[in-house]
Amino acid sequence: MKKDLTAILSDALEALGMPQGAVIEIEVPREGSFGDISTPLAMGLARSLKKAPKKIAEDIVHAIGDKDIFEKIDIAGPGFINFTFTKRYLHDSLKKLLVSDKSFLRENIGRGKKALIEFVSANPTGPLHIGHARGAAVGNALCNLLVESGYKVEREYYINDAGRQVKLLGLSVFARYQHLLGNDVPLPDDGYRGQYIEDEAVALLAEAGEKYRDVPFDECGEEMTTWTYKRMLSLIKRDLSRFSIKDFDNWVSERELFAKDEVQTAINDLNRKGFIFELENAVWFRSSGFKDDKDRVVIKSNGEFTYFASDIAYHKNKLNRDFDIIIDIWGADHHGYIPRIESVMQAFGYDITGFRVILVQMVNLLKHGEPLQMSKRAGNFVMLSEIMDLVGPDTTKFMFLTRKSDSHLDFDLDVVTATSAENPVYYVQYANARINSILANAKEKGLDTESDPDLSCLTSPEELGLIKKLLSYPMVLESAARSFEPHRITFYLQELAGIFHTYYHNHRVIGEDTGLTRARLSLCYAIRTVLSDALTILGVSAPEKM
RNA sequence: GCGCCUGUAGCUCAGACGGAUAGAGCAACUGCCUUCUAAGCAGUGGGUCAGGGGUUCGAAUCCCUUCAGGCGCGCCA
């Protein structure tokens, strides 16, 4: 739909000698009376051409001339050009949708460009909780979306397996282990306290026996920390796999960066470029020369690297791998970190227009409309695995994609476990299940769904509306991909499901008239194709029966 | 104090790049199951787009400012 119109408009502009190259905006108007598809093109050109928008619109319409795909072309409002398609065009397009592979639904905006998307990257200090899950859902959907939009995507998880947090993890398990042996070793103040720490201590005792009895942490800490965080990492991998997130292509380890001396090398690089200085025994990165409001320490006066130092190395590592787009998906509480990372990239000479941080806001977990208090100290975070026990991965993912990622999201356990209209997941899945049911019914009746039906009998406003909605799907994918906002697909799905439910209620698909029945079955088939395609991109499956 | 984000219907939220009479779901009220799945459909009511100023043919959208909420601002991670 859009491709056809863009080509026609582009030809018209060329014929008129008007400016080319600019993106031709095309939108589906809010109201049906404004036609099927519309462009504000003339208004955009008004300024540079110094002509009235309506006059420009008239010229464009004249240049388009008679095209058999349009029933009419109107100029309306301040200068919109509104196009109404002929039924024949709609039927032909539906036919194409039915017989083509999925490339018919795709806009190749990536053109094979390489994209790196880093997400989740939860510290390997415990199982995933609900906040991580939102990042996982958004990242996974975005990766799928960009793949389908023509990008070559690598999915990456950065493991913070060096530094203080994993050490605290090791120390926490160490303390619990000693408790099991009757030794009164104090838990570190800011240590980890969840039940899983005790579970790990039990597991350690089972595996290593009393090997570490009376061994101080200074001697066994490294060994124990490594043992523990590796177990945490496999716990995380297990949760992700159960959440049906497509496997990560790369697992980048902070320890590896240190082991390969990439951290020191990166700092040396920056030093050569003149962005490093020493002050009060510490080593600083002059980020204030870029986007940051102050300089940042990379090596503390005690000789330790800061967390920021390994992030410098990590982002240099990303840059060296030659991506066209680099996307980091972070929790929104890290937003203050963006300027310094952008500074790092600029210092390495990278044009940061190819870099994008997507922030994922907090999830407010509610029960009976009341917030469920979670505290890291008490270790009573609600884990992703618990959510999946209660809600299931598909519903959880879909709910996380019903909001723009940087807005807060209420996740009400009563709503998401309800099998009612309150729950948007079911609404969409139900449409899919209904269609399956119709198609199964048709098959049972021995109706021929294979050969080429005559679609021209689909003439009701609802049927034509459904076809138009299906044809607008590629535009939704494109805008979602361009803005890196997979939630737009979720909204589209709810709309499509909505008009299908209305249609279903008003018209019987399988009826007396065989020709009409076959055409309607084809329409249903097309709807199911799009529903299932969109759900697949979101990483959500749909049951055949409900 | 400085910076970032948010503020749209009773509630939860869509409204990319400035465009047409600001939309949806839920909640409320009223109807619809002998018919392919009622986890559904139809109807009704509901708005100072937080307030104020500006930019222009045109502002929920851009700029300034005030207010309210969240987050960040460490030789923490």
Side-chain angles (χ1 to χ4, degrees), chain A residues 23 25 27 29-31 33-34 38 40 43-44 46-47 52-53 76-80 82 123 125 160 162-168 190 279-284 292-294 296-308 310-311 331-339 359 361-362 369 402-404 406-410 412 415 418-431 433-442 444-445 478-480 482-485 487-488 490-492 494-495 497-498 500-511 517 520-521 524 545-546:
Chain A
V23 177
E25 295 172 49
E27 59 194 35
R30 203 171 45 244
E31 291 196 35
S33 63
F34 296 146
S38 174
M43 293 180 288
R47 198 155 298 174
F80 288 95
N82 297 334
N123 285 346
T125 54
N160 286 111
R164 186 178 143 78
Q165 292 308 315
V166 284
K167 192 172 175 185
L168 269 174
D190 36 10
L279 182 71
E280 294 168 355
N281 286 326
V283 177
W284 299 67
D292 209 354
D293 54 355
K294 55 182 77 158
R296 307 290 174 180
V297 170
V298 292
I299 303 176
K300 299 186 252 183
S301 54
N302 67 6
E304 289 176 12
F305 290 102
T306 60
Y307 181 86
F308 180 47
S310 34
D311 262 359
D333 53 342
H334 289 78
H335 70 82
Y337 218 72
I338 296 173
L359 297 174
Q361 260 294 359
M362 301 261 303
T402 57
R403 298 281 178 272
K404 210 163 38 180
D406 60 2
S407 61
H408 289 271
L409 181 134
D410 287 344
D412 192 318
V415 170
T419 54
S420 78
E422 276 185 276
N423 189 332
V425 187
Y426 288 119
Y427 189 76
V428 174
Q429 291 184 330
Y430 190 53
R434 269 185 159 170
I435 294 174
N436 276 321
S437 178
I438 295 168
L439 295 177
N441 194 295
E444 212 166 277
K445 291 191 164 133
E478 183 186 349
S479 83
R482 285 196 193 281
S483 56
F484 306 123
E485 291 179 346
H487 76 276
R488 294 178 189 222
T490 316
F491 280 86
Y492 172 83
Q494 294 182 71
E495 290 163 11
F500 170 72
H501 284 310
T502 301
Y503 175 68
Y504 174 88
H505 191 259
N506 293 335
H507 302 273
R508 283 192 63 81
V509 172
I510 300 169
T517 296
R520 287 181 170 172
L521 286 169
C524 286
K545 287 183 182 177
M546 291 173 72

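Naming: A, B, ... by sequence-line order, numbering from 1 per chain.
Distance alone, capped at 3.5 Å, is enough to place a donor-acceptor pair between the Asn302(A) side chain and the Glu304(A) backbone. Asp406(A) places no side-chain N or O within 3.5 Å of a backbone atom of Leu359(A) that could act as its donor or acceptor partner. A donor-acceptor pair under 3.5 Å links the side-chain atoms of His501(A) to the main chain of Tyr427(A), judged by distance alone. Judged by distance alone, the side chain of Thr517(A) and the main-chain N or O of Gly511(A) form a donor-acceptor pair under 3.5 Å. The backbone N or O of Arg508(A) sits less than 3.5 Å from a side-chain atom of Arg520(A), completing a donor-acceptor pair.
Counting distance only, with no hydrogens placed and no angle test, the side-chain atoms of Asn160(A) and the base atoms of A77(B) include no donor-acceptor pair under 3.5 Å. For His335(A) and G3(B), a side-chain-to-base donor-acceptor distance below 3.5 Å is present, hydrogens and geometry of angles not being considered. For a distance-only test at 3.5 Å, the side chain of Ser301(A) qualifies as a donor-acceptor partner of the base of C75(B).
Comparing the P positions of G74(B) and C2(B) gives a spacing of 16 Å, expressed to the nearest Å. Only the P atoms considered, A59(B) is 23 Å distant from C5(B), to the nearest whole Å. A gap of 14 Å separates the C1' atoms of G46(B) and A24(B), to the nearest Å. The gap from the C1' atom of G18(B) to that of G58(B) amounts to 8 Å, rounded to the nearest Å. Nucleotides C11(B) and A28(B) place their P atoms 15 Å apart, quoted to the nearest Å. Nucleotides G70(B) and G31(B) place their C1' atoms 44 Å apart, quoted to the nearest Å. Comparing G1(B) with C62(B), their P atoms are spaced 25 Å from each other, to the whole Å. C17(B) and U6(B): their P atoms are spaced 12 Å apart (whole Å).
Residue contacts shown for Arg508(A) include a base, since a base heavy atom lies under 4.0 Å away. Residue contacts shown for Ile435(A) are absent, as no nucleic acid heavy atom lies under 4.0 Å away.
Side-chain proximity of Arg403(A) to the nucleotides G40(B), G15(B), A14(B) is greatest for A14(B). For His501(A), the listed nucleotide lying nearest its side chain is C41(B); candidates were C41(B), A77(B), A39(B). Closest contact between the side chain of Ser407(A) and the listed nucleotides A14(B), A20(B), A38(B) involves A14(B). Taking the side chain of Arg488(A) as heavy atoms from C-beta on, and the options G40(B), C76(B), G15(B), the nearest nucleotide is G15(B). Nearest to the side-chain atoms of Val509(A) among the listed nucleotides C4(B), A39(B), C36(B) stands C36(B). Picking from C75(B), C32(B), C36(B) the nucleotide with the shortest atom distance to the side chain of Ile510(A) gives C36(B). In the set A77(B), C41(B), A39(B), the nucleotide with an atom closest to the side chain of Thr502(A) is C41(B). The Tyr337(A) side chain lies nearest to A77(B) when the options are A77(B), G72(B), G15(B). When distances are taken from the side chain of Lys294(A) to each of G15(B), C75(B), G74(B), the shortest belongs to G74(B). Taking the side chain of Tyr504(A) as heavy atoms from C-beta on, and the options G40(B), A20(B), C36(B), the nearest nucleotide is C36(B).
Taking atom CG of residue Leu439(A) and atom P of nucleotide C36(B), one finds them 15 Å apart after rounding to whole Å. Counting to the nearest Å, the P atom of G74(B) and the NE2 atom of His334(A) are 14 Å from each other. Across the protein-nucleic acid pair, Tyr492(A) atom OH and G25(B) atom P stand 17 Å apart, rounded to whole Å. At whole-Å resolution of the value, CG in Asn506(A) and P in C41(B) are 11 Å apart. As rounded to whole Å, 14 Å separates atom P of C57(B) from atom CE of Met43(A). One can place CG of Asn82(A) at 13 Å from P of U21(B), the figure rounded to the nearest angstrom. The nearest whole Å value for the distance from the CG atom in Asp333(A) to the P atom in G70(B) is 15 Å. Atom CG in Asn436(A) sits about 15 Å away from atom C1' in A39(B), given to the nearest Å.
Along RNA chain B, the nucleotide nearest Lys445(A) and the nucleotide nearest Pro53(A) are compared for position; the residue whose nucleotide lies closer to the 5' end is Lys445(A). Looking at which nucleotide of RNA chain B each of Glu304(A) and Asn441(A) is closest to, the 5′-most match is held by Asn441(A).
Note on Tyr430(A): a side-chain N or O is less than 4.0 Å away from OP1 or OP2 of A39(B). For Tyr427(A) and C41(B), the shortest distance from a side-chain N or O to OP1 or OP2 is below 4.0 Å. Here Arg434(A) reaches the OP1 or OP2 of A38(B): one of its side-chain N or O atoms lies under 4.0 Å away. The side chain of Lys300(A) contributes an N or O atom lying less than 4.0 Å from OP1 or OP2 of A77(B).
By the criterion of a centre-to-centre distance under 5.5 Å and near-parallel planes under 30°, the ring of Phe34(A) forms a stack with the base of A20(B).
Across all strands shown, A9(B) has no partner, as no Watson-Crick or G-U wobble contact with both distances under 3.5 Å is found. Look at G40(B): its Watson-Crick or wobble partner, with both distances under 3.5 angstrom, is C32(B). In this entry A20(B) has no Watson-Crick or G-U wobble partner, no candidate having both defining distances under 3.5 Å. Across all strands shown, G1(B) forms a Watson-Crick or G-U wobble pair with C73(B), both key distances being under 3.5 Å. Of the nucleotides present, G54(B) is the one that pairs with C62(B) by Watson-Crick or G-U wobble criteria, both distances under 3.5 Å.
Taking the centre and axis of the six-membered ring of Tyr504(A), the NZ or CZ atom of Arg434(A) falls inside the cone set by 45° and 6.0 Å.
Nucleotide C33(B) is shown with a syn base, its glycosidic torsion being within 90° of 0.
Ring orientation note: the planes of Tyr503(A) and Phe500(A) are tilted relative to one another, at an angle of 30° to 60°.
Atom CG of Asn441(A) and atom CG of Asn436(A) lie 12.0 Å apart (nearest 0.5 Å).
Asp311(A) and Arg296(A) are not joined by a salt bridge, as no carboxylate oxygen comes within less than 4.0 angstrom of a charged side-chain nitrogen.
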